[in-house]
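The structure under discussion appears below in the form of structure tokens.
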Protein chains: 2
Amino acid sequence: MSSHDDLRAIALSEFARAGYGATSLQRIAEVAGLSKSSVLYHFASKEALLEAGISPALDRMEVILDSIEGAPLNDQTRRAFITDFVDFLLAYRLEVHLFINQARSLEDVPVIDRANLIVVRLASYFHSNVDSPVDRLRFGIALGGAAYVLATEENFGPETEPLADIRPALITVLTELLAPVPVRPAAIQELI
Amino acid sequence: MSSHDDLRAIALSEFARAGYGATSLQRIAEVAGLSKSSVLYHFASKEALLEAGISPALDRMEVILDSIEGAPLNDQTRRAFITDFVDFLLAYRLEVHLFINQARSLEDVPVIDRANLIVVRLASYFHSNVDSPVDRLRFGIALGGAAYVLATEENFGPETEPLADIRPALITVLTELLAPVPVRPAAIQELI
DNA sequence: ACAGTTTCTGACCGATCGGTCAGTTAACAG
DNA sequence: CTGTTAACTGACCGATCGGTCAGAAACTGT
């Protein structure tokens, strides 16, 4: 329970909640019960706090990417990826939320560039394994939507139960949405 | 082509690209070729620029909500909502992107509260028309994912075509994902 | 040309930002 | 107790923030 780890967790939480630019070192110091100078004693800069906050999540996601990029997208690899991805989203909700909300405004920050590269790798993998443009769009909505919903659970409203068994539900939904042959009744084609 | 409308458009673009807090009045003034004082002559404050920027999108979404909240979710209303929603996303990409990326860090801004209320109304409508928790999760992923993907098209990578016929593709995917009886093979149930 | 109104600007304000630095306090080994 | 090191702090810095204000500049109708 070092001050170093505390500050990392506090900064991550504040960055995800209020945004990187809107979170001051003074605010982080107050939550930690320290002075701003002490925060800068443990971390060289505000950017160093950001990097320390989300790097573990990037490490994990890069391991997942390494495990799928060598193999084609079949039933087995799809199943493994989905469980890995869902567990990743559940384990790193704050980090995912921070990335989704701040990626555009922090494009010149090295650690955000690294995160953006991960998204590109993920998109490239599915792009090279899925032929239909519509399916690629559906896959993008599935992965992006899962990340977005997981990272902003308050969008479901406070009156709804927090979907306690969200892990199997997420696996179910993603398995449907990433199905190799999407179910698309002929009736739908006539609608558009 | 008044300076007023120009400033509204420039501010919206900058807010969406770099974030509200990270966009200074000085930056907006430079892009518009004016001084910071002139920007504040046309708009009383930075917050007024934000409100002017996204209010039209909220107006449109509230009309859509008014049109669905009185009727149950059947084939006809679902089809009408999907086309309305897709056209909304395509017409207000910047506004949606701005809201998605800044909603959390601007919770005390009235116009953002208004936008959040819209999301709550949307979630409540589907919540009251969909029984299965898994289906509600799938609907949330579909709507949130469509908004997220549309608002951040760069996630598809620069090497991919911008999905020129994205409107029919989006309608196809959302029609699948918002199907009243989701197709969920028994094989999926055994996986989880 | 003139007066009136709209548009625009530079100078300035207090506040806050991220970051530096000299020096104090606390912890601990001998 | 003493010396050393790690942890911490207040004072301060230049820069930038959103916003105010008096007045210049530009456009208007007469």
Side-chain angles (χ1 to χ4, degrees), chain A residues 1-55 98-99 101-113, chain B residues 1-55 98-99 101-113:
Chain A
M1 189 64 74
S2 72
S3 293
H4 193 90
D5 289 343
D6 285 350
L7 284 173
R8 195 201 76 96
I10 290 171
L12 174 62
S13 171
E14 292 298 314
F15 289 158
R17 187 182 60 82
Y20 179 76
T23 300
S24 65
L25 291 173
Q26 180 63 36
R27 164 71 184 171
I28 295 172
E30 284 171 2
V31 175
L34 292 175
S35 69
K36 187 179 64 169
S37 302
S38 293
V39 174
L40 287 168
Y41 166 77
H42 288 284
F43 292 88
S45 67
K46 189 182 179 182
E47 204 173 296
L49 269 167
L50 176 66
E51 177 173 348
I54 68 175
S55 278
L98 174 57
F99 169 73
N101 284 12
Q102 308 292 322
R104 288 293 290 269
S105 54
L106 299 174
E107 277 177 341
D108 52 350
V109 178
V111 73
I112 298 297
D113 284 342
Chain B
M1 189 66 71
S2 71
S3 292
H4 192 90
D5 288 343
D6 285 350
L7 284 172
R8 194 201 77 94
I10 290 171
L12 174 61
S13 171
E14 291 299 312
F15 289 158
R17 186 183 59 82
Y20 179 77
T23 301
S24 65
L25 291 174
Q26 180 64 36
R27 164 72 184 171
I28 295 171
E30 284 170 2
V31 175
L34 292 175
S35 70
K36 188 180 64 169
S37 302
S38 293
V39 174
L40 287 168
Y41 165 77
H42 288 284
F43 291 89
S45 67
K46 188 182 180 183
E47 203 173 298
L49 269 168
L50 176 67
E51 177 173 349
I54 67 175
S55 278
L98 175 57
F99 169 73
N101 283 12
Q102 307 293 320
R104 286 293 291 269
S105 53
L106 300 174
E107 278 178 341
D108 51 350
V109 178
V111 74
I112 298 297
D113 283 342

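Labels below follow one simple rule: chain letters A, B, ... track the order of the sequence lines, proteins then strands, and each chain is numbered from 1. Computed from a prediction, not measured in an experiment: that's the story for all the values here.
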When the distance from [atom1] of [X] to [atom2] of [N] is rounded to whole Å, what number comes out?
{"X": "B/Leu40", "N": "C/dC13", "atom1": "CG", "atom2": "P", "result": "18 Å"}
{"X": "A/Leu49", "N": "C/dG19", "atom1": "CG", "atom2": "C1'", "result": "13 Å"}
{"X": "A/Ile28", "N": "C/dG18", "atom1": "CD1", "atom2": "C1'", "result": "11 Å"}
{"X": "A/Leu106", "N": "C/dG18", "atom1": "CG", "atom2": "P", "result": "13 Å"}
{"X": "A/Leu7", "N": "D/dA7", "atom1": "CG", "atom2": "C1'", "result": "12 Å"}

Please report, to 0.1 Å, the donor-acceptor pairs under 3.5 Å made by any side chain of residues 22-30 of chain B, with sequence neighbours excluded.
from: B/Thr23; atom 1: OG1; to: B/Glu14; atom 2: O; distance (Å): 3.2
from: B/Thr23; atom 1: OG1; to: B/Gly19; atom 2: O; distance (Å): 2.7
from: B/Ser24; atom 1: OG; to: B/Arg27; atom 2: N; distance (Å): 3.1
from: B/Gln26; atom 1: NE2; to: B/Glu30; atom 2: OE2; distance (Å): 3.3
from: B/Arg27; atom 1: NE; to: B/Glu14; atom 2: OE1; distance (Å): 3.1

Identify the two heavy atoms, one from [X] and one from [Y], that lie closest to each other, and give their separation to 0.1 Å.
{"X": "A/Ser105", "Y": "B/Ala18", "value": "CB-O, 2.6 Å"}
{"X": "B/Phe99", "Y": "B/Ile112", "value": "CE1-O, 4.5 Å"}
{"X": "B/Ala11", "Y": "B/Leu49", "value": "CB-CD2, 3.7 Å"}
{"X": "B/Ala52", "Y": "B/Phe43", "value": "CB-CE2, 3.6 Å"}

Return the polar atom pairs (N/O with N/O) between nucleotides 8-10 of chain C and the protein under 3.5 Å, or none.
from: C/dC8; atom 1: OP1; to: B/Ser3; atom 2: OG; distance (Å): 3.4
from: C/dC8; atom 1: OP2; to: B/His42; atom 2: NE2; distance (Å): 2.5
from: C/dT9; atom 1: OP2; to: B/Ser35; atom 2: N; distance (Å): 2.8
from: C/dT9; atom 1: OP2; to: B/Ser35; atom 2: OG; distance (Å): 3.2
from: C/dT9; atom 1: OP2; to: B/Ser38; atom 2: OG; distance (Å): 2.7
from: C/dG10; atom 1: N7; to: B/Ser37; atom 2: OG; distance (Å): 3.2
from: C/dG10; atom 1: O6; to: B/Ser37; atom 2: OG; distance (Å): 2.1

query = Tell me the side-chain hydrogen bond (donor to acceptor under 3.5 Å, both in side chains) pairs involving residues 42-51 of chain A, sequence neighbours left out?
reply =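 The answer is none; no pair qualifies.
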
inquiry  = When you compare the side chain of A/Leu50 with that of A/Leu12, does any pair of heavy atoms fall below 4.5 Å?
reply    =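 Not touching, per the 4.5 Å side-chain cut-off.
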
ask   = Can you find a pair of side-chain heavy atoms, one from A/Arg104 and one from B/Asn101, that are under 4.5 Å apart?
value =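 Counting from C-beta outward, A/Arg104 and B/Asn101 do come under 4.5 Å.
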
Give every donor-acceptor pair under 3.5 Å between a side-chain atom in residues 32-41 of chain B and any protein atom, sequence neighbours left out.
from: B/Ser35; atom 1: OG; to: B/Ser38; atom 2: N; distance (Å): 3.3
from: B/Ser35; atom 1: OG; to: B/Ser38; atom 2: OG; distance (Å): 3.3

task = Give, ordered by number, those residues of residues 9-16 of chain B having at least one heavy-atom distance below 4.0 Å to an atom of DNA chain C; if nothing qualifies, reply none.
result =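 Those residues: none at all.
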
request  = Mind running a 4.0 Å heavy-atom check of residues 17-26 of chain A against DNA chain C and sending the residues that fall below it, in number order?
outcome  =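 Within this stretch, A/Thr23, A/Ser24, A/Leu25 sit under 4.0 Å of the strand.
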
ask   = For the atom pair CG (A/Leu98) and CZ (A/Arg17), what is the distance rounded to the nearest 0.5 Å?
value =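 Going from CG on A/Leu98 over to CZ on A/Arg17, the span is 12.5 Å.
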
query = Mind checking what makes side chain to side chain contact (heavy atoms under 4.5 Å, CB included) contact with A/Ser13, not counting sequence neighbours?
reply =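 Listed in chain order: A/Leu94.
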
